[in-house]
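Quick note on labels: first sequence line is chain A, next is B, and so on, each numbered from 1.
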Amino acid sequence: MKKRSNLRWMMFFCGLFLTGLLHAQQITVTGTVTDATDGFPMQGVSILEKGTSNGTITGTNGNFSLDVDRNAVLVVSFVGYITREVQVTGPGPYNIELVFDEKALDEVVVIGYGTVRKEDATGSITSIRSDDFNRGAIVTPEELITGKLAGVQITSPGGDPGGAATIRIRGGSSMSASNDPLIVIDGIPVDNAGIAGMRSPLNTIHPNDIETFTVLKDASATAIYGSRASNGVIIITTKKGQKDRPLQVNYDGYVSASVLTSQFEVFSAEEFRNLIEERYADNPDAVALLGDASTNWQDEIFQTAVSHDHNLSFSGSAFDLPYRVSLGYSGQKGILLTSGLDRFTGSLNLNPTFFDDHLQVDLSLKGMNIKNRFANWGAIGSAIHFDPTQPVKDPESEYGGYFTWTDVNGNPNKLAPSNPVAMLEMRDDQSTVNRLMAFMQLEYNFHFMPELSANINLGYDGSESDGYVYIPENAPWLYDELNGGGEDRVYTQSKSNELFDLYLNYKNDFGALGRVDFTAGYEWQHFWRQGTTYSENIRGTIVNQDTDYETESYLVSFFGRLNYSLKDRYLLTFTLRNDGSSRFSPETRWGLFPSVAFAWNLFNENFIQNAGIFSELKLRLGYGVTGQQDITSNDYPYLARYTRSEPTARYQFGDEFVYTYRPEGYDANLKWEETVTYNAGLDFGFLENRVTGTLDVYHRETVDLINTIPVPAGTNFTNQITTNVGNLTNRGIEFTINGKPISKANMYWDIGYNITYNKNEITSLTRVDDPVYKGVFVGGISGGVGNTIQIHSVGYPVYSFFVWEQVYDSNGKPIEGLYVDRDGDGQITVEDRYRLQKAAPDVFMGINSTFVYQNWEFSFAGRANLGNYVYNNVFSNSASYNGLYWPTGYLNNQSKNLLETEFENPKYFSDYYIENGSFFRLDYITLAHNMKGMLNGKMNMRVYGTVQNPLLITGYRGMDPEISSGIDKNMYPRPMIFMLGVNLGF
Amino acid sequence: MKTSYIKLFTPIALVFTLVLASCVKDLDTVPLDPDEITSATVFETLDGYTSVLAKAYAGLALSGQQGPAGMPDISGIDEGFSTYLRQYWKAQELPTDEAVIAWNDGNLRDYHEQDWSESNEFITAMYNRIYLQVSYANEFLRESTEEKLSERGFSEAEKEIIRGYRAEARFLRALSYVHAIDMFGSVPFVTENDNVGAFLPEQISRADLFEYVEEELLDIESQLPAPRTNDYGRADQAAAWMLLAKLYLNAEVYIGTEKYTECITYCKNIIDAGYDLDPDYSHLFLADNHTAEGIIFPVIFDGTNAQTWGGMTFVVHAAVGGSMNVADYGIDFGWGGTRVTSTFVEKFPDPSGATDKRAMFYTNGQSLEIDDVFDFTHGYAITKFKNITSDGQPGSNITYVDTDYPLFRLADVYLMLAEAVLRGGEGATAGEALFYVNEVRKRAYGDDSGNIGGGDLTLSFILDERARELYWEGHRRTDLIRFGKFSDTDYLWPWKGGVPEGTAVDAKYDLFPLPAADIGANPNLEQNPDY
């Protein structure tokens, strides 16, 4: 009896002892897991004892506690972060930092109607995330990526705040139709036609709300967008809340001062006085017109503009509902007196999931209210010409107290330039725009077949705008002695864009047989707009304009895509889209847009792995057909229509004035332009992706190019008709390289460079080969009426300059009016004009770099264009002696270029004014200081100072050669902007 | 398990197909804007026909559907330049001794230098305008056939009115074709029997087009209202007779056959219709010239309802510049463009205007000779056209004038008759010819002091008298060509041919070239000789 109980006690104690012994080998480790970039504690991180199933998850403060063997290794992992292993050396506490795995996120790239793993991407796609965006005074989303992407050229419109930038991807595929890419914001393809009263349609989104900017460049990527994809596609996604993340509050704000750094070179008051007195010594009328003042008109119209911007965002998850709310306010002033904007933006993103994550709902709402005040850019041209000896204000002036040139009757001289300050201050041009974008995406993964998912997208994009222009009766340039002048103009516009998408997606991995990803769907989109304009003089006695319009169009499409990848090495993609547009007649409205792409992931091949040189290597080949249906501003170009006349264009029949109906010219067979693209690319990486880059070569051919050509006389109700008739090619090479020479814990340096070469050529413009047809005259200039300086011709790039060849004397001075008689017929006629260069650059490049040392960060970005030419219209329209004195009673200032040419009369069409506009421009330099863990670890702060547009190097003699049209007239100059900003994160 | 999913699937599939089916139909859209209508609805009412006919008339005066500009009819040229009458005036006046212009727009100077090429944008615009008029008329005629009118259920009274409209449309088409014959010679030919769209018109010879226009006018003669019974500014029999008279007067140039007798017949018809010469010459060119006598067919302008930068707005504004007081012309400011050559001034023995009141020169600050064509103060300015009423009040709008353009006038008929007689036409005597010329001169001088004798009445005198009476009304080029004094001639004027003393140019310039744009678009066309 006693023996048994003893055994039990002994076993018990042995057990205890053994346990104790074992227990003595285990310790309890504690610690905190944080995010390496912002120091935030991370909840839900998995801590696992390596080799066992013993693990735990961090709590809300990132804390964890786990019993492990004293020699254990902890495996710390979280989705999207690089997994770390930590050797246990004691109970801790361990402060473990997890680094965001960039490659992990790169693995998924947004493409049309879905996402794809980066490894499986077969098209020419570049994606930029918010971390890599440009930093600086960013008012519009386009500024975020200027200069960072090969093949994408973004030209801002000058210093006008919030103005619409011109975006060209691979040179643009069209000549007279729109060359703008399709922009998709959170799934809604946005209507490219502008909104009345708003400078840029992208102003709706605050740049801080943008998560990714993806550019689809070649047809194999864009063809899924069918008839709107010929100019490339830009997909913008906005930031969303994240599950299982604590509440994050962010505040971004900056204050900036914009300063004009250079001026047009014109004669000063003293120089002008001497010039007039010398030249018109025997004309007392001219000399009598001189004033006594000394005014620098450019100083008078430009100001240093102070602006500020604030954005507050909350993101987190409440009751399992991830959300992100952001509110923004931006108050921008332009350097041109009276111009500015006030913008409020708000956005809400909700991303709940249901049914055990089987149903994912993404709801995003974006709203914007913007008040614009527009300044008359004509004041810039007027400031160049206005007599510097006259004062700005004249107490005796009946015209608002501003100095005004008058005729003998005391009325304003309408041929003389108007007082630039009056042009700005006597004009009240304002608008208010409200816009709402709502998007809901439902993605349902079928329970019975998890590989299959259905997507329904519903989108709405609507805007209401109204604006007015008010110019008082005594404004000199509209003065009307009889009827009272001035202008009272009111306009409104409503637009809406509705979208419905339905598509099914099937993804499966068949192991050795490869992976398949198949999508098929349907899309319906409706564009509608309506507007009114009413304009009358101040007294209300003359109605200048009374128009209203309402128009709509529909797009219905069927699309499908198949991605097939074998052994992670061979990738094949097919897409097909069938688009129907209401803009064309039933016979021509449907089009088929196929594409095929093949990619070879060489990196996964044994022979590449063994060589050990590359860390990434992929060869891509693509072919696709895309369309462009934004060919006219008219939604019904194929219908036989009649237009009623306005009240000011009637004809007298008897005692009354009768409205007239005009039959409109039309081409019943009009259809969209089609572009065929061939693309070959290579993605590469060395040194564990410390150096990565891509090289793309492409050839794009546009057929059925829209051109407005002369129609045989008498066959239609117009002399020129818009019809499909031409061909255009673009070919080029793009190269991008990014490197991280230094990547250590406390020092980091990356540098990126991209260069693009694009050659554009028109290959046909008329139905019948016509050697006499010169081309399409485009490019209006200031000076004279209806003068154009550019031409689209066969065998030349679009917007080539069309000028006379100047003859110079032995000192290099141009001989006025003497040009090379190219056709030798003894006369200088239009036959002697020749095509010289073009507005677009041959090569454009971008460079950007960021250097981080401990808490300091320094970054800059710059761009260069080579081979772009500019027509210096400022010189050509203000450098002639006869431009100084006008016998109807006024004096005009001229630019100092007059001293070089000494022209008597303006010579608008001389090639002397075509200058090489190649330039290098530094877009911004930023210095920032990061302070983490302030206020007891609760707040991170980043303070930065930026100079935007600090440096411009160019040989161009005008103010700024970066003009997308190539014609320098009335350009709103780009200021240098000094910014001080702060980001706070809680 | 599976059945529940089928239950889930079926309604989804149903909704799917329903939605699809209805949405594809959305692609058949029609314009939403009530101001834009299709040809189906325009011609449902009489008002619709009236408005389409009004467009054919307005096409002579206005540049588009919005005054002064904004919805242009033709493209490729500044809208203000693009009106019919402005181009017609420039083409008929600038290449002659009657006018020079100080502006450097595009290839405008080619007119005075007589060295234009087939790509000259102004000649192209004129040509486009002619064919636009022809197209509008053709469309009207296509839509107003007897069958269509019956189909559309119009009453007999309405049909009568529309038949009258048809005659007017044919008149307007004939007018433009006569201009085409005069300026371009052999041109593409389209009628209401051709359809709109992609086809290539054939080129008709000058002679055949002459025959066609003659037939047309003779046919509609009886269908147009009697002279002075139609609304002001609308075509009537007298307008058709005038056009025939012009056609016949120039027949020798157009088809090489003399038709002076026929010319005299129609001149007499007009003279017998009861027109009178207005006792005050200047009244014919003022803002209220709709009350003047002796205008047979005007093109109407109105400062409030028919605004344009072309037409009379151009004629009045361009002539004012230098030291001229804009208030005297009823405008806001002068454009400083047009003046006359010394050759023209010399046609008036007394340029002061004291005796021959048609000498309306402005000389203050203006030199007689022109050293620099581009300086407004070189060459005498003209004060003939004004936006002032006969009481001295300005028109309703000082920018867009009220003055109507007198396209056809009685004085012109008198001089045509005299010329036809001198050229051997029958139907009037030499005495009658002298009488009518003296009527014109009596009105000009205010009394008999300017009358001439039979011995003075020569062809050369007629040419000069036409200059004195009809200057700046768009007749000069045609007249000079008829007298063989336009291009390759000994009759010179300052800067003719681009040379200060004037020089002869190639005879090919008697015709304008067919625009390069149309030659390129239509391979059926052959260019005029030597271009």
*Check B/Ala54 against A/Val658 and note the closest heavy-atom contact, atom names and distance.*
CB-CG1, 3.9 Å
*State, to 0.1 Å, how close B/Gly67 and A/Ala649 come at their nearest heavy-atom pair, and which atoms those are.*
N-CB, 3.7 Å
*List in chain and number order the residues that pass ring-ring contact (aromatic ring centres under 6.0 Å, His included) with B/Tyr127, two or more places apart in sequence or in another chain; answer none if no residue qualifies.*
B/Tyr131, B/Phe184
*If you look at every heavy atom in B/Gln307 and A/Ile542, which pair is closest and at what distance?*
NE2-CG2, 4.4 Å
_Less than 6.0 angstrom from the centroid, inside 45 degrees of the normal: does A/Arg662 satisfy that with respect to the ring of B/Tyr136?_
no
*Can you name the nearest heavy-atom pair linking A/Thr643 to B/Gln65, along with the distance?*
O-NE2, 2.8 Å
*For residues B/Pro201 and A/Pro712, report the shortest heavy-atom separation together with the two atoms involved.*
CD-CB, 3.9 Å
*Give, as side chain, backbone, both or neither, the part of B/Ser396 having an atom under 4.5 angstrom from any heavy atom of chain A.*
backbone
*Under the side chain to side chain donor-acceptor pair (under 3.5 Å) rule, collect the residues that match up with A/Trp524, sequence neighbours excluded.*
B/Asp26
*Give the member of B/Phe189, B/Phe81, B/Tyr232 that has the highest number of heavy-atom pairs under 4.5 Å with chain A.*
B/Phe81
*Please report the shortest heavy-atom distance between B/Ala58 and A/Thr660, naming the atom on each side.*
CB-CG2, 4.0 Å
*Which is it for A/Tyr479 and B/Phe333 under the ring pair (Phe, Tyr, Trp, His ring centres under 6.0 Å) test, yes or no, and what are the steps along the way?*
CA-CA 11 Å; A/Tyr479 189 73; B/Phe333 63 98; over 10 Å; no
